[in-house]
Amino acid sequence: VGAAAASSHTASLAGEDAVYDAVLRAHGAYRARTTEEMLDVAYAARPRIYPAGRKIGLVTISGGAGVLMADAAADYGLEVAPMPEAAQAELKELVPFASPVNPVDVTAQFFNDLSIVPRFTKAMLDEGGYDGLIGFWTSVAGSPHLSAPLLAGLKEAMAGRDESLFIHSVIASPEIRARYEAEGFPCFEDPSRAVAAMAALMFYGAAFAKGPPTATATPPAAALPEGPLGEREAKAVMKAAGIPVVEDLLATDGAGAAEAAAKAGGPVAMKIVSPDILHKTEAGGVALGVGTADAAAVFEHLMGSARAYAPQARLDGVMVSPMVPAGVDCILGAKNDPVFGPVVLFGLGGIFTEVLGDIAFRRAPFDAATAREMIAELKGKALLEGARGAAPSDIVALSNAVARFSALAAALGDAVESVEINPLRALPEGCVALDALIVRKDGA
């Protein structure tokens, strides 16, 4: 069972839970991980305010709590953007020893001058451009003497801002807490839970703004060639679907390999061709940067390595292709989920696919805009955007290739167990599939 599941990278990566997660996300459904979180999100939604952005402002009377909330916000992918410098200077004039960046720490000066709460909060709302605010007031908000003026100040700051969400972290009696809630202020004792609830409402806001998934046109029918499906046949299927693939020649002996290398006009990549060897690197069946003079010897070496690795494997020869310029290697795969049908994964590829596990999923088929969303979800997207001075990848070409792949996966349907391109090399101009794999449902 394990060997069958690991027959391709795609099969081992596309676990059932990840597929459910992707489908729920695509339809704007928030996935609560605990019963407590589910109730927190439902409670926080009572004001029916769903910020469409993810820029969050944090105001607190405790510097440590501000750091705690900022860390939690970063974990949820929220943007803790600083206040504009001019606004920071204004707040410094009010309280010289305050920290007006974001988190904005009004400090314990609050006890001496309650008016600074609405003044600081107004500055954040007017000049910070935040999509939502969280205030940390701890037991101060529950004080019999301070709760009423604090609530009055918060109401003053929020006057005329019915569409702005302000969540509070307070420790208060049920009676005092109810007063805050009556004014549209959700309250949590734990500031990290307040951040989690805000992140959920921002998720909803983005989903509502985006609307339901757009219907994708039914992809044209796609047929698989008769006989064994090796890399060359898989690449031909990809090319017919409009996905760019590296051109290659099949060599059946050393002389043919040398001739193919000469035609390529430079160093070449050489890979064993066998429908029975799915991962050529593990079989010692790949050689890169081979010159024409060495091609014949490399051919013999690759064939010998393949025979030693899998004595019963069918060996068709060695594929010779030009070396493709350096770029960012990605993986593109599809499998048939028993519930949702064809599902596509996209992520960083090459030999690091299963090590990093940085992948995004969508149900097929989908358009190029959805493909761009998948790219944006990757933690390693900076590599595609041009990290450390490298040229950025052609995201438009990459998105188009991913969308066409999704159409192919949907068209093939349950005729295949899995479909994979690994790597799909993203280049500054265009992208190209360097390797392809199609496993029929019967395993051929």
Side-chain angles (χ1 to χ4, degrees), residues 1 3-27 212-245 275-276 278-279 330-347 349 353 359-375 398-424 431 433 435-444:
V1 174
S7 61
S8 74
H9 289 296
T10 300
S12 59
L13 286 170
E16 179 183 282
D17 186 71
V19 175
Y20 269 91
D21 197 70
V23 173
L24 290 169
R25 180 180 295 274
H27 287 269
T214 55
T216 304
T218 303
L224 296 177
E226 297 293 334
L229 272 173
E231 180 182 347
R232 299 185 74 235
E233 291 79 13
K235 281 183 177 177
V237 173
M238 305 292 176
K239 186 175 181 179
I243 302 168
V245 300
D276 303 314
L278 300 183
H279 299 300
C330 306
I331 182 174
L332 191 52
K335 62 169 285 185
N336 269 292
D337 184 86
V339 175
F340 299 109
V343 176
V344 169
L345 70 83
F346 174 81
T353 298
I359 48 182
F361 291 88
R362 287 297 186 278
R363 188 180 180 185
F366 50 78
D367 57 16
T370 300
R372 283 193 291 273
E373 291 176 3
M374 296 174 72
I375 295 170
L398 186 60
S399 301
N400 289 334
V402 175
R404 289 169 185 156
F405 181 88
S406 79
L408 172 64
L412 293 175
D414 60 4
V416 296
E417 186 71 31
S418 63
V419 185
E420 184 178 296
I421 299 175
N422 185 25
L424 174 67
C431 62
D435 200 348
L437 171 67
I438 298 177
V439 180
R440 296 184 198 270
K441 196 163 188 178
D442 58 9

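Between atom CG of residue Leu229 and atom CG of residue Leu224 there is a gap of 5.5 Å, rounded to the nearest 0.5 Å. Put simply, CD on Glu233 and CD1 on Ile438 are 9.5 Å apart, with the number rounded to the nearest 0.5 Å. In this structure, the separation between NZ on Lys335 and CD on Glu417 is 7.5 Å, given to the nearest 0.5 Å. For the atom pair CZ (Phe366) and CE (Met374), the distance works out to 4.5 Å, reported to the nearest 0.5 Å. A distance of 7.5 Å separates CG in Leu332 from CG in Leu345, rounded to the nearest 0.5 Å.
A distance-only check finds no donor-acceptor pair linking the side chain of Asn400 to the backbone of Ala368 [under 3.5 Å]. Judged by distance alone, with hydrogens and angles left aside, the side-chain atoms of Arg362 form no donor-acceptor pair with the main-chain N or O of Thr370 at under 3.5 Å.
Contact detail for Ala401 and Cys431: the closest heavy-atom pair is CB-SG, 3.7 Å.
In this structure, Phe346 and Leu398 have side chains that are in contact, with non-hydrogen atoms separated by less than 4.5 Å. Two residues are said to be in side-chain contact when any heavy atoms from C-beta on lie closer than 4.5 Å; Asp337 and Arg363 fail this criterion.
For the salt bridge (Lys or Arg N to Asp or Glu O under 4.0 Å) test, no residue two or more places apart in sequence or in another chain qualifies with Arg404. With sequence neighbours excluded, no residue forms a side chain to side chain donor-acceptor pair (under 3.5 Å) with Ser399.
Pairs engaging residues 234-243 under the salt bridge (Lys or Arg N to Asp or Glu O under 4.0 Å) rule: Glu231-Lys235, Lys235-Asp248, Lys239-Glu247 [sequence neighbours left out].
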- Message: Test side-chain contact (heavy atoms from CB on, under 4.5 Å) on Leu437 and Asn422; report intermediate values, then the result.
- Response: CA-CA 8 Å; Leu437 171 67; Asn422 185 25; over 6 Å; no
